Amino acid sequence: MAISLLHSLTLKQAIHAILAAFVIGLAVTAVEFGWSASRERTVTLHRIGEVAMLVDGTSTTAAWTLDRALGEQVLDGILAVRAAGWAEIRLDDGTVLNRRTRPPVERSFLQRTVHTALFHDEPVVERPLLSPKERNGRQDFAHLRIGVDTGEVTEGFLDYAGRTLVVGLLRNLLIGLAMALVFHRLLTRPLVRIGRAVARIDPEQPHAQPLPVPRGHADDELGYVVARFNETLGLLEREHGELRRMATRCALTGLANRALLIDRLGHALDLAGRSGGRVAVLYLDLDRFKRINDSLGHSVGDALLCRVAERLGESVRRCDTVGRLGGDEFMVVLERVADSGEAAMVAGRLLDALAGLTLVAEHRVHITASVGIALHPDDGADEQGLMRMADAAMQAAKTEGGGRFVFYTRDMTERAMARLRLEASLREATIQRGFELAYQPKIEAATGELTGFEALIRWRHEGATIPPMEFIPVAEDTGLIIDIGAWVLDEACRTAARWALDHGAVPVAVNVSARQLADPAFAALVEDTLRRHGTSPELLEIEITETVIMKDVRHHLPTLNRLRALGVRIAIDDFGTGYSSLAYLRQLPVDVLKIDRSFVNDLPHAPDIASTVIGLAQRLGLATVAEGVETVEQQRWLAEAGCDHLQGYLISRPLSADAAEAMVMANFALADSMAMTA
């Protein structure tokens, strides 16, 4: 192809050079022809003038003596000159003494055309003949007139022009060939060499083979172009490298991104398929990373991610790949692992490396991770399948508390698919308000009088009741808990307002999740709901688990204070199961402590914690509610220990809205009856 290109360039440049030479040569020849024509006219007239001068004396004698014979001889001599077409001797009175004319000759079209171009009119040379007696006085008595034979001059010029044209064509051809040779030598061949060098450039490494500067062109325009092209290649190499890095690397940590991870995993699977080896995929997610971001700031969080990336990279072999999938999720592809034991060993090494990370950006941190492990070919055969399975295993490790690794098992996928189906159904139920509330009564421990209800959400899906412990965590993870919680609050306030209007005031407690409490608009939502239903704030009690309220006390305190200012009661649920700070407990606007059922279950055999909670509440001026009361012994002990309220299956299971209303009605009817009896 290069030879064909060379021949094509050579032929084109030769044709162009010859055409250029011919055009320039024709222009030069046209100028030469114009100049030659002007010169030929001048020379012809000068020659005729010289002839007239030579026969001046003889012509004067013939005219003076009126000697026609002599005049004929003079004119014959003049016509012997080829340039002369005719001649005459004319006296002053107009009498023609002698006249001779050359016989006319038929001219071709070309001759006539050239004649017209050379001579617009017929030139005549006229010489006065002076009287011999009056020569000094310069008085002429006759004139010798000679006309130019333009046909002869034209023919001579055409002969000259023909020779000149042939010579010019040959000259132009030689000049064109010389120009083509020079262009080929100085331009075409270097360009072809440059083109061959460009064709050899590797697109992946454009700067690895810079173009050579053609010999002899280092300091001319061609060398300048090559130098600039090489500079452009260097710039392209840098840009190409940056684009390649951006397309395959995480901008923050420099680790492989998802696209490169999948590519490396596919390559590892291909090698394992040919060699019969194993590949392990480790899906790693940092535990409680959001807490670090929220408490120390995103800059510290980013610095932590970079340090984690370094630790992970240092803990694996060079043939393995560490990448960041996004956020605080990482993935490690282990090639050529012997068995699950080796994968477990690497996972343990990764967890130990992260556990040793204690100082980030001058802040002390404690970081753990949850690692899910999937093996090829045991757990999956393709990239996406292995990643899903490792992700499911990681979720299982996180559910178990984090800080550990878990291998994938088949039921993990089934649970993951079940969760996806549950999430889709929960979204639909949220939109259609497909829930209902059950109400579990609370009684006064000393008298057994009804003191309130706890509203508990229920969801019936496809004919079965879904336990809250199954769908509430899904609602928390997906954010649906915001809408669900708003519906529960609305329904509870509406019911409490209706009961108060129809029967009497009975408080209703509503559980609030961490996401609801963290929502800046939550207090405004409570206020709007109370106002919309005309519900007295004293009839609403907000229950928040100890873990949630203590997770970020300072952040939640403004919301709690605003709720308390509205008159809403606040209860800490599951008290004693978390890590409460007594100092914070004194600052919180809390009205009720609910003793967790795990402590009630130990009664009356292990009363230490329950009695401590009751005593603490009494000293702080707080009411107590014991959950999960199921035996008479538990009821008796709690009443004697000073617990204020009881709740559990011994009193009643959660009731439907109608059954709860019937209990309210019966309670107030009994109270009215006792009042009348008294």
Side-chain angles (χ1 to χ4, degrees), residues 433 435-458 484-512 516-517 522-544 559-573 589-594 621-627 644-648 651-678:
R433 296 292 189 260
F435 306 102
E436 61 185 36
L437 288 184
Y439 298 87
Q440 187 171 28
K442 294 183 284 187
I443 64 171
E444 188 174 355
T447 65
E449 183 181 350
L450 179 68
T451 58
F453 289 90
E454 179 181 0
L456 302 171
I457 189 169
R458 294 294 183 262
I484 295 175
W487 178 84
V488 170
L489 178 66
D490 186 84
E491 185 69 12
C493 289
R494 184 183 64 81
T495 300
R498 183 169 56 83
W499 287 350
L501 184 63
D502 295 344
H503 310 294
V506 179
V508 177
V510 173
N511 291 282
V512 173
Q516 288 177 277
L517 191 61
F522 178 69
L525 174 66
V526 173
E527 183 177 3
D528 178 70
T529 305
L530 292 172
R531 182 175 59 252
R532 186 155 33 84
H533 293 293
T535 307
S536 174
E538 293 78 12
L539 298 181
L540 177 64
E541 184 175 293
I542 298 295
E543 290 190 7
I544 309 168
T559 300
L560 297 175
N561 284 329
R562 184 173 175 183
L563 292 173
R564 183 68 174 280
L566 291 174
V568 175
R569 289 169 58 84
I570 299 173
I572 298 182
D573 198 7
V590 177
D591 301 286
V592 181
L593 296 183
K594 297 192 72 173
L622 304 177
T624 52
V625 178
E627 294 183 297
D644 298 306
H645 307 280
L646 305 179
Q647 178 182 348
I651 291 88
S652 173
R653 289 179 177 272
L655 304 173
S656 66
D658 292 339
E661 185 174 6
M663 178 178 282
V664 172
M665 185 169 56
N667 179 75
F668 282 103
L670 178 61
D672 291 342
S673 175
M674 292 178 64
M676 292 177 62
T677 302

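FYI, side chains are in, hydrogens and waters are out, and symmetry mates aren't considered; it's all heavy atoms of this structure. FYI, the numbering just counts along the sequence from 1. Please read all numbers here as calculations on a predicted model, not as lab measurements.
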**Study point:** Non-hydrogen side-chain atoms of Thr495 and Phe453 separated by less than 4.5 Å
**Key:** no
Review point. Side chains of Asn511 and Glu454: closer than 4.5 Å at any heavy-atom pair?
Key: yes
Exercise for review: Check side chain to side chain contact (heavy atoms under 4.5 Å, CB included) between Ala486 and all other residues, then give those that pass, not counting sequence neighbours.
Suggested key: Leu525
Review point. Side chains of Leu456 and Leu437: closer than 4.5 Å at any heavy-atom pair?
Key: no
Study note, to complete from the structure: Val506 and Leu539 have their tightest heavy-atom pair at N-CD2, 3.8 Å
Review point. Which pair of non-hydrogen atoms, one from Asp502 and one from Glu661, has the smallest distance, and what is that distance?
Key: OD2-OE2, 4.3 Å
Study note, to complete from the structure: Hits for side chain to side chain contact (heavy atoms under 4.5 Å, CB included) against Leu530, two or more places apart or cross-chain, chain-then-number order -> Cys493, Val526, Thr535, Pro537, Leu540, Val568
**Study point:** Side-chain touch Pro507/Arg569, heavy atoms, less than 4.5 angstrom
**Key:** no
**Study point:** Lys/Arg N to Asp/Glu carboxylate O, Glu541 vs Lys594, below 4.0 Å
**Key:** no
Review point. With a 4.5 Å limit on heavy-atom distance, are the side chains of Ile544 and Leu517 in contact?
Key: yes
Check your understanding: Should Gln440 and Ile651 count as side-chain neighbours, where that means a heavy-atom distance under 4.5 Å?
Key -> no
Revision key, fill the gap. Nearest heavy-atom contact between Val590 and Val592 is CG1-O, 3.4 Å
Check your understanding: Would you find a donor on one side and an acceptor on the other, under 3.5 Å apart, between the side chain of Asp591 and the backbone of Ile570?
Key -> yes
Revision key, fill the gap. Rounded to the nearest 0.5 Å, the CD atom of Glu543 sits from the CD1 atom of Ile572 at a distance of 11.0 Å
Review point. Got a second to check how far Ile484's CD1 is from Leu489's CG, nearest 0.5 Å?
Key: 14.0 Å
**Study point:** Distance (rounded to the nearest 0.5 Å) between His533 NE2 and Leu501 CG
**Key:** 14.0 Å
Point to revise | Value rounded to 0.5 Å, distance of CG in Asp644 from OG1 in Thr451 | key: 9.5 Å
Check your understanding: With a 4.5 Å limit on heavy-atom distance, are the side chains of Glu627 and Asp573 in contact?
Key -> yes
Practice item. Identify, with sequence neighbours excluded, every residue that meets side chain to side chain contact (heavy atoms under 4.5 Å, CB included) alongside Ala657. Key: Tyr439
Practice item. Locate the shortest heavy-atom distance separating Phe522 from Gln516; write the atom from each residue and the value. Key: CB-O, 3.2 Å
Practice item. State, to 0.1 Å, how close Leu566 and Ala523 come at their nearest heavy-atom pair, and which atoms those are. Key: CD1-O, 4.3 Å
Review point. Just how far is it from atom CG of Asp658 to atom CE of Met663, taken to the nearest 0.5 Å?
Key: 13.5 Å
Revision key, fill the gap. All heavy atoms of Arg458 vs all of Ala438, minimum pair found to be CG-CB, 4.0 Å
Review point. With side chains defined as the heavy atoms from C-beta onward, is the minimum distance between Phe435 and Glu491 less than 4.5 Å?
Key: no
